Amino acid sequence: QVQLVESGGGLVQAGGSLRLSCVVSGRTFSSTSMGWFRQAPGKEREFVSRISWLDDNAYYANSVKGRFTIFRTNAKSTVYLQMNSLKPEDTAVYYCAASSTTFPMNRISEYTNWGQGTQVTVSS
């Protein structure tokens with residue numbers, strides 16, 4: 001059974017930082033590309049970032065480029081999202097997701113397994 005468990009969310013002031021973690025079990029992490037999505041209240045789930053299993057190639061949504069960094073540690077089956085210079089509009093539930101595609105992009109349909117989410121709240 002595949003499980004993805006996120007952690008690291010919380011309340012932070014604008015301009016602050018948070019690091020999200022997602023531990024994956026039940027599938028071969030080293031050959032799994034990983035993504036982060038987020039969903040704000042009343043809005044659709046949106047793509048944030050992804051990292052390829054093949055070469056750690058990273059891809060970001062324009063809204064977070066230059067502020068967020070995705071990286072992974074295969075030995076710990078964990079993917080991270082380092083979030084700096086946070087803004088109130090970053091407030092959302094953040095989900096990690098696993099994909100069997102080598103270079104998935106921003107479509108939800110490319111990701112087959114999802115975590116339960118972790119809340120990030122940025123106060124102004």
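Nothing here was measured: the structure is a model prediction, and the numbers come from that model. We use all heavy atoms of the structure for the numbers below, so side chains are in, but hydrogens, waters and symmetry mates are not.
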Practice task
Decide yes or no on side chain to side chain contact (heavy atoms under 4.5 Å, CB included) for Ile108 and Arg45, but give the supporting numbers first.
Solution key: CA-CA 8 Å; Ile108 290 175; Arg45 191 169 298 190; 4.0 Å; yes
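- A side-chain donor-acceptor contact under 3.5 Å links Asn57 and Arg50.
- What you find for Ser17 and Ser85 is that their closest heavy atoms are OG-N, 4.4 Å.
- Nearest approach of Ser52 to Phe103, heavy atoms of both residues: OG-CE2, 3.4 Å.
- In plain terms, the two heavy atoms of Val48 and Val64 that are nearest each other are O-CG2, 3.6 Å.
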Problem - side chain to side chain contact (heavy atoms under 4.5 Å, CB included) between Glu89 and Val122, worked out - result: CA-CA 8 Å; Glu89 52 263 44; Val122 184; over 6 Å; no
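- Between the side chain of Ser99 and the backbone N or O of Thr101, at least one donor-acceptor pair lies under 3.5 Å.
- Side-chain contact between Thr78 and Val24: absent, with no pair of heavy atoms (C-beta onward) separated by less than 4.5 Å.
- With 3.5 Å as the limit, one finds no donor-acceptor pair spanning the side chains of Tyr80 and Arg19.
- Using modelled atom types and a 3.5 Å distance limit, the side chains of Arg27 and Thr32 yield a donor-acceptor pair.
- The side-chain heavy atoms of Met83 and Val120, taken from C-beta on, include a pair separated by under 4.5 Å.
- The backbone N or O of Met105 lies less than 3.5 Å from a partner atom in the side chain of Glu110, making a donor-acceptor pair.
- A donor-acceptor contact shorter than 3.5 Å is absent between the side chain of Thr28 and the backbone of Ser30.
- Between Phe47 and Tyr60, the distance from one ring center to the other does not fall under 6.0 angstrom.
- Between the side chain of Ser21 and the backbone N or O of Ser7 there is no donor-acceptor pair closer than 3.5 Å.
- For Glu6 (side chain) and Gln116 (main-chain N/O), a donor-acceptor pair under 3.5 Å exists by modelled atom type.
- Ring planes of Trp114 and Tyr95: perpendicular class, angle over 60° (limits at 30 and 60°).
- Residue Asp56 holds its CG atom at 4.0 Å from CD1 of Ile51, rounded to the nearest 0.5 Å.
- With hydrogens and angles disregarded, no donor-acceptor distance shorter than 3.5 Å links the side chain of Ser49 to the backbone of Ile70.
- With hydrophobic clusters built from ILVMFWY side chains whose heavy atoms lie under 4.5 angstrom apart, Val12 shares a cluster with Tyr94.
- With a 4.5 Å cut-off on side-chain heavy atoms, Glu46 and Gln39 do not count as touching.
- Between Ser100 and Thr112, the closest heavy-atom pair is OG-OG1, 4.5 Å.
- For the pair Arg38 (side chain) and Thr91 (backbone), a donor-acceptor distance under 3.5 Å is absent.
- For the atom pair CG of Leu18 and CG of Leu81, the computed distance is 9.5 Å after rounding to the nearest 0.5 Å.
- Of all non-hydrogen atoms in Thr118 and Gly9, the two that sit nearest each other are OG1-N, 3.2 Å.
- Linking ILVMFWY side-chain heavy atoms closer than 4.5 Å, directly or via other members, places Trp36 and Phe68 in a single hydrophobic cluster.
- With hydrogens and angles ignored, the 3.5 Å screen pairs no side-chain donor or acceptor of Ser77 with any backbone N or O of Val23.
- Contact detail for Pro88 and Ser124: the closest heavy-atom pair is CG-CB, 3.8 Å.
- Using a 4.5 Å heavy-atom cutoff, the side chains of Val79 and Phe71 are not in contact.
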Problem - From CA spacing to verdict: ring pair (Phe, Tyr, Trp, His ring centres under 6.0 Å), Phe37, Tyr111 - result: CA-CA 10 Å; Phe37 288 74; Tyr111 298 82; 5.0 Å; yes
